[in-house]
2 protein chains.
Amino acid sequence: MESERKKLIGGVFDNLRRVIQVVHGYSNRAQRVGGLTGPQLWAIRVLSESAPVRVSDLARQMYLHPSTVVGILDRLEAKGLVVRIRSKRDHRVVEVSLTGKGKTVAARSPAVAQGLLLKGLEKLPGNDLRVVSGGLEALVGILGARTMPPRLLFSREVNLPGGGVPVGRDRKH
Amino acid sequence: MESERKKLIGGVFDNLRRVIQVVHGYSNRAQRVGGLTGPQLWAIRVLSESAPVRVSDLARQMYLHPSTVVGILDRLEAKGLVVRIRSKRDHRVVEVSLTGKGKTVAARSPAVAQGLLLKGLEKLPGNDLRVVSGGLEALVGILGARTMPPRLLFSREVNLPGGGVPVGRDRKH
DNA sequence: TGCAAATAATTGGCACAGCAAGTATAACCG
DNA sequence: CGGTTATACTTGCTGTGCCAATTATTTGCA
């Protein structure tokens, strides 16, 4: 039974690697689906949810430095997937949106991994789903990451760390 | 009960993000523990297990292109953590090993995330461990990643993909 | 009002990761 | 021998990611 534990633990590691490789590392670094890299796809996905968003907010949601996001946006803009529009009321801010092409990519892209996962989870028997949920819960607990912000993905709200409260801007069109 | 499923699924996503963020993104890109980047730490860890290893084998174990590994080794060598020794018998191969300093780093570093996980899993009650294992197993199944090579981490053997059967090399000192 | 401070996005510089193609050397095999 | 294969390395390129300025704009305060 000692060896059974060992085997289980080893399997957990292997599977965790696999999951990570698929979900996050689906585009390890180089170009991937549709010629988009991981971060680019990620930005597209965030944009597809957060409507027109300011560069700094996008950076916050992606947990990246603003200057990094600028670079990513440059490349996405060059591909014609996003547009930058200077805000009328505050001429400092830039609102980033998806173009039609960008929306198409966004609509097709989540199927890559997250969509796969979502579909799979949805058709999972209730008991198995509970097992998956419980298992991950335990993992997160072990890693002491329960207090960590989920980093947004399909959820709407963002807990920005450290930063002040986001001004309640009714930027809704 | 529909909403319970939804909540469970949402939680799975959030927790998955958390786990990924911790395990993989522990060293997002920039320098981290002891001034080492993620891939550098990873290489060190592989080296700490696989004794003297050839560059090509290291690349295979890290699932990286050999030229990428060369760069990583250059930086590790510059820091005095690894040494490259040309094999006497086959003058093409280079055996990479850890220096004393490198071993120290290796011994201290796995505590970063994987070690945390390992320790946590080890003290987990048998039942919970089975839940974690089963949950991940299901996830991997959903993602169709069961056939994917585990990418090695703590396990010894490597299933090199695509490549032919590894010649039964008795390079055991 | 008018000037200082804060804010937003960007730029430039740097290091690293990752790959592909090409090079040099060395081993193997007919 | 001579050609093929294997091994490591080099070079060139793209892309991330950060920090430290810079610029433009807005806000705040005296």
Side-chain angles (χ1 to χ4, degrees), chain A residues 21 24-44 52-60 62-79 81-96 163-167 169 171, chain B residues 24-32 35-44 52-60 62-79 82-96 160 163-164 166-167 169 171:
Chain A
Q21 197 175 351
H24 184 247
Y26 212 100
S27 58
N28 203 2
R29 181 64 35 200
Q31 75 283 354
R32 281 287 163 177
V33 193
L36 291 184
T37 67
Q40 287 170 13
L41 208 54
W42 185 16
I44 290 278
V53 72
R54 304 156 35 150
V55 174
S56 51
D57 283 343
L58 183 55
R60 218 173 347 246
M62 294 179 71
Y63 288 83
L64 292 177
H65 199 277
S67 60
T68 302
V69 173
V70 168
I72 294 173
L73 286 178
D74 284 345
R75 288 177 280 272
L76 287 178
E77 198 176 27
K79 288 183 215 282
L81 299 178
V82 307
V83 275
R84 285 192 250 217
I85 302 174
R86 278 227 112 85
S87 166
K88 289 268 201 288
R89 48 191 59 192
D90 190 336
H91 222 262
R92 294 171 298 181
V93 323
V94 167
E95 307 273 9
V96 185
V165 192
V167 273
R169 316 173 63 269
R171 196 167 14 77
Chain B
H24 183 248
Y26 213 101
S27 60
N28 203 3
R29 182 61 39 197
Q31 73 282 355
R32 282 286 163 176
L36 290 183
T37 67
Q40 286 170 14
L41 209 54
W42 185 17
I44 290 277
V53 73
R54 304 154 35 147
V55 174
S56 52
D57 283 343
L58 183 56
R60 220 175 344 249
M62 295 180 71
Y63 288 84
L64 292 177
H65 201 277
S67 60
T68 301
V69 173
V70 167
I72 294 174
L73 287 179
D74 284 346
R75 289 177 280 272
L76 287 178
E77 198 176 26
K79 288 184 217 283
V82 307
V83 277
R84 286 193 247 216
I85 304 174
R86 277 227 111 86
S87 167
K88 289 268 200 289
R89 45 192 60 193
D90 190 335
H91 221 261
R92 293 170 300 181
V93 325
V94 168
E95 306 274 10
V96 185
L160 31 166
V167 274
R169 316 172 60 270
R171 193 168 19 81

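Throughout, protein chains are lettered first and strands after them, A, B, ... in sequence-line order, and every chain is numbered starting at 1.
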Taken to the nearest whole Å, CE/B:M62 to C1'/C:dC16 is 13 Å
Any side-chain N or O of A:R54 under 4.0 Å from OP1/OP2 of C:dA8? yes
Gap between atoms CG and C1', on A:L76 and D:dT16 respectively (whole Å): 13 Å
Less than 4.0 angstrom between a side-chain N/O of B:S56 and OP1 or OP2 of D:dA6, yes or no? no
Side-chain (A:R86) to main-chain (A:R92) donor-acceptor, under 3.5 angstrom: yes
When the distance from CG of A:L64 to P of D:dT16 is rounded to whole Å, what number comes out? 10 Å
I need the CD-P distance between B:E95 and D:dC9, as an integer number of Å. 12 Å
On a heavy-atom basis, which atom in A:L73 and which in A:V82 lie closest, and how many Å separate them? O-CG2, 4.1 Å
Using a heavy-atom cut-off of 4.0 Å across all strands, would you classify B:T68 as base, sugar-phosphate, or nothing? base
Rounded distance (nearest 0.5 Å) linking atom CD1 of A:I72 with atom CG of A:L58: 8.0 Å
Return no unless some side-chain N or O of A:H91 is found under 4.0 Å from OP1 or OP2 of D:dT26. no
If you only use heavy atoms from C-beta on, which nucleotide in D:dT16, C:dA8, D:dC19 is closest to the side chain of A:Q40? D:dT16
What nucleotide, of C:dA17, C:dC19, D:dG17, holds the atom closest to the side chain of A:I72? D:dG17
Establish whether the base of C:dT25 is bridged to the side chain of B:R92 by a donor-acceptor pair shorter than 3.5 Å. no
Assuming nearest nucleotide by heavy-atom distance, tell me which of A:K88 and A:K79 is located more 5' along DNA chain D. A:K79
Nearest-angstrom distance from the residue atom CZ of A:R86 to C1' of C:dT10: 9 Å
Is any side-chain nitrogen or oxygen of A:R75 closer than 4.0 Å to OP1 or OP2 of D:dT14? no
Nearest whole Å is fine: how far is D:dA24 C1' from A:D90 CG? 11 Å
Nearest whole Å is fine: how far is C:dG18 P from B:L58 CG? 12 Å
For B:R84 and D:dC9, is the shortest distance between a side-chain N/O and OP1 or OP2 below 4.0 Å? yes
Listed nucleotide nearest any side-chain atom of A:H65, set D:dT10, C:dT11, D:dC19: D:dC19
Taking all non-hydrogen atoms of both residues into account, name the closest pair between A:V94 and A:R84 and its distance. CG1-CB, 3.6 Å
Closest approach of A:Q40 to A:K79 (non-hydrogen atoms, all atoms of both residues): OE1-CE, 3.6 Å
So if I take every side-chain heavy atom of B:T37 and compare against C:dA9, C:dC16, D:dG17, which nucleotide ends up nearest? C:dC16
Looking at D:dA8, does its base get a donor-acceptor pair with the side chain of B:S67 below 3.5 Å? no
Distance, rounded to the nearest Å, where B:L36 contributes CG and C:dC16 contributes P: 11 Å
Closest non-hydrogen atom pair between B:A59 and B:P66, with its separation: CB-CA, 3.8 Å
